[in-house]
Student: 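Below are the structure tokens for one structure; questions will follow.
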Amino acid sequence: PTPVEKAGPRVPEPRRLLVVEDDDVLRQRLARAFRERGLSVDEAADEAGASAAVAAQAPDFALVDLRLGRDSGLRVVAALAALPRAPVVVVLTGYGSIATALEAVRLGAAHYLTKPADVDQIVAAFGPGPAPEPPPGSVPSLARVEWEHINRVLADCGGNISQAARALGIDRRSLQRKLAKYPARR
């Protein structure tokens, strides 16, 4: 037998996951849960930390929060998608909207989940198959539709609040007040 045969079967390396989340407690809990499922996990709290983790070793999967303090998770998604061997990216956010979901997918995310999402839902989103369908008969409220429309227009305007206010036909301060509110529940 050759030296390789004497060593026994080769154990595959654990799949690498990058968790980019600015909430320290949530990030640590997610990382622990993923490690328990056999993944090798790197953690980052912001865009710079994500870049450093990717430079050290490219991940197979990435879980990215949409809002990272002052940073944007969408920039992290775009950077990950530009890698030579792009990971499967899932965006996780507490501020879900149609506009940001479309933008995340356009930039390279495989799935878009809203908080709260359990670890099993996230793991399922990394796997093959279609994105989960919304429950039948779920109709968003008028306030939710308005909030999503405002965010879509703001994204189309490149984040320029004055330009978005003109496009929406409302005062800039009114737009800022609407944006400061949390999204309405479905």
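Basis for what follows: all heavy atoms, side chains included, without hydrogens, waters or symmetry-related copies. In this text, all values refer to a predicted model and were calculated from it rather than measured experimentally.
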Student: Test your reading of the model: is there a side-chain donor-acceptor pair from D22 to the backbone of G69, 3.5 Å cut-off?
Tutor: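 Checked: pair present.
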Student: Looking at every heavy atom in both A44 and R27, which two are closest together, and how far apart are they?
Tutor: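 Smallest interatomic distance, heavy atoms only, reads O-CD, 3.3 Å.
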Student: How many angstroms lie between CG in D156 and CD in E103, if you round to the nearest 0.5 Å?
Tutor: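 Spacing of CG (D156) from CD (E103) equals 8.5 Å.
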Student: Measure the OG-CD distance between S40 and Q57 for me, rounded to the nearest 0.5 Å.
Tutor: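 Those atoms lie 7.0 Å apart.
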Student: Linking I/L/V/M/F/W/Y whenever any side-chain heavy atoms sit under 4.5 Å apart, do L83 and V90 land together?
Tutor: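 No, L83 does not connect to V90 through the hydrophobic network.
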Student: Begin with the C-alpha distance, continue with both residues' side-chain angles, and end with the deciding distance and a verdict on side-chain contact (heavy atoms from CB on, under 4.5 Å) for L154 and I161.
Tutor: CA-CA 7 Å; L154 184 61; I161 296 210; 4.2 Å; yes
Student: Going by distance alone, is a donor N or O of one side chain under 3.5 Å from an acceptor N or O of the other, for R75 and S72?
Tutor: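 Looking only at side-chain atoms, S72 and R75 do not form any donor-acceptor pair under 3.5 Å.
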Student: Of the non-hydrogen atoms in S162 and N160, which two are nearest, and what is the gap between them?
Tutor: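 Closest heavy-atom pair between S162 and N160: N-OD1, 3.0 Å.
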Student: Given R37 and V119, is the side-chain contact (heavy atoms from CB on, under 4.5 Å) satisfied, shown in steps?
Tutor: CA-CA 10 Å; R37 285 166 174 76; V119 175; 3.5 Å; yes
Student: Which value, rounded to the nearest 0.5 Å, describes the distance between R172 atom CZ and R177 atom CZ?
Tutor: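 Here the interatomic distance stands at 10.0 Å.
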Student: So which atom in R85 and which in A58 form the shortest heavy-atom distance, rounded to 0.1 Å?
Tutor: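 Closest approach of R85 to A58: NH2-O, 3.8 Å.
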Student: Assess, by modelled atom type and distance only, whether the side chains of Y112 and T93 contain a donor and an acceptor separated by less than 3.5 Å.
Tutor: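 The answer is no; no qualifying pair exists.
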Student: Quickly, which of L18, V88, L80 forms a side chain to side chain contact (heavy atoms under 4.5 Å, CB included) with F61? Name it, please.
Tutor: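 Testing each of L18, V88, L80 against F61, the sole residue satisfying side chain to side chain contact (heavy atoms under 4.5 Å, CB included) is V88.
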Student: Roughly how far, to the nearest 0.5 Å, is the CG atom of L92 from the NE2 atom of H111?
Tutor: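 Between H111 NE2 and L92 CG, I get 13.0 Å after rounding to 0.5 Å.
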Student: Heavy-atom count around R35 CZ within 6.0 Å, excluding the residue itself: above 12?
Tutor: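 Yes, enclosed.
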Student: Where is the tightest heavy-atom contact between G108 and A81, given as atom of each residue plus distance?
Tutor: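 The answer is CA-CB, 4.1 Å.
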Student: Same cluster or not: are V77 and V54 linked, directly or through other Ile, Leu, Val, Met, Phe, Trp or Tyr residues, by side-chain heavy atoms under 4.5 angstrom apart?
Tutor: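 They do share one cluster, since a chain of ILVMFWY contacts under 4.5 Å joins V77 to V54.
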Student: What's the spacing between L39 CG and E36 CD if we round to 0.5 Å?
Tutor: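 If I round to the nearest 0.5 Å, the distance is 11.5 Å.
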Student: Please answer whether the main-chain N or O of D60 pairs with a side-chain N or O of R15 as donor and acceptor at a distance below 3.5 Å.
Tutor: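 Not confirmed, R15 side chain does not pair with D60 backbone.
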Student: Between R67 and D23 (salt bridge meaning N to carboxylate O under 4.0 Å), is one present in this structure?
Tutor: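 Salt bridge absent between R67 and D23.
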Student: Ignoring hydrogens and angles, tell me if any N or O in the side chain of D42 forms a donor-acceptor pair with the backbone of A53 under 3.5 Å.
Tutor: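 No, because the side chain of D42 does not come within donor-acceptor range (under 3.5 Å) of the backbone of A53.
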Student: Is there a donor in the side chain of Q28 and an acceptor in the side chain of R32, or the other way round, less than 3.5 Å apart?
Tutor: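 Looking only at side-chain atoms, R32 and Q28 do not form any donor-acceptor pair under 3.5 Å.
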Student: Measure the spacing between CD1 of I170 and CG of L175 and express it to the nearest 0.5 Å.
Tutor: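 Going from the CD1 atom of I170 to the CG atom of L175 covers 4.5 Å.
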Student: Between V20 and A50, what is the shortest heavy-atom contact and its length?
Tutor: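 The pair with the smallest heavy-atom distance is CG2-CB, 3.9 Å.
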Student: Just so I know, are the side chains of V91 and L113 near enough to count as touching, which here means a heavy-atom distance under 4.5 Å?
Tutor: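 Of all side-chain heavy-atom pairs linking L113 with V91, none is under 4.5 Å.
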Student: When you compare the side chain of L68 with that of V76, does any pair of heavy atoms fall below 4.5 Å?
Tutor: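 The answer is yes, as the side chains (C-beta and beyond) meet within the 4.5 Å cut-off.
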Student: Is there a path of hydrophobic side-chain contacts, each under 4.5 Å between heavy atoms of I, L, V, M, F, W or Y residues, that connects V123 with V64?
Tutor: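 No.
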Student: Do V41 and V19 come close enough that some side-chain heavy atom pair is under 4.5 Å?
Tutor: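 They are in contact (side-chain heavy atoms under 4.5 Å apart), so the answer is yes.
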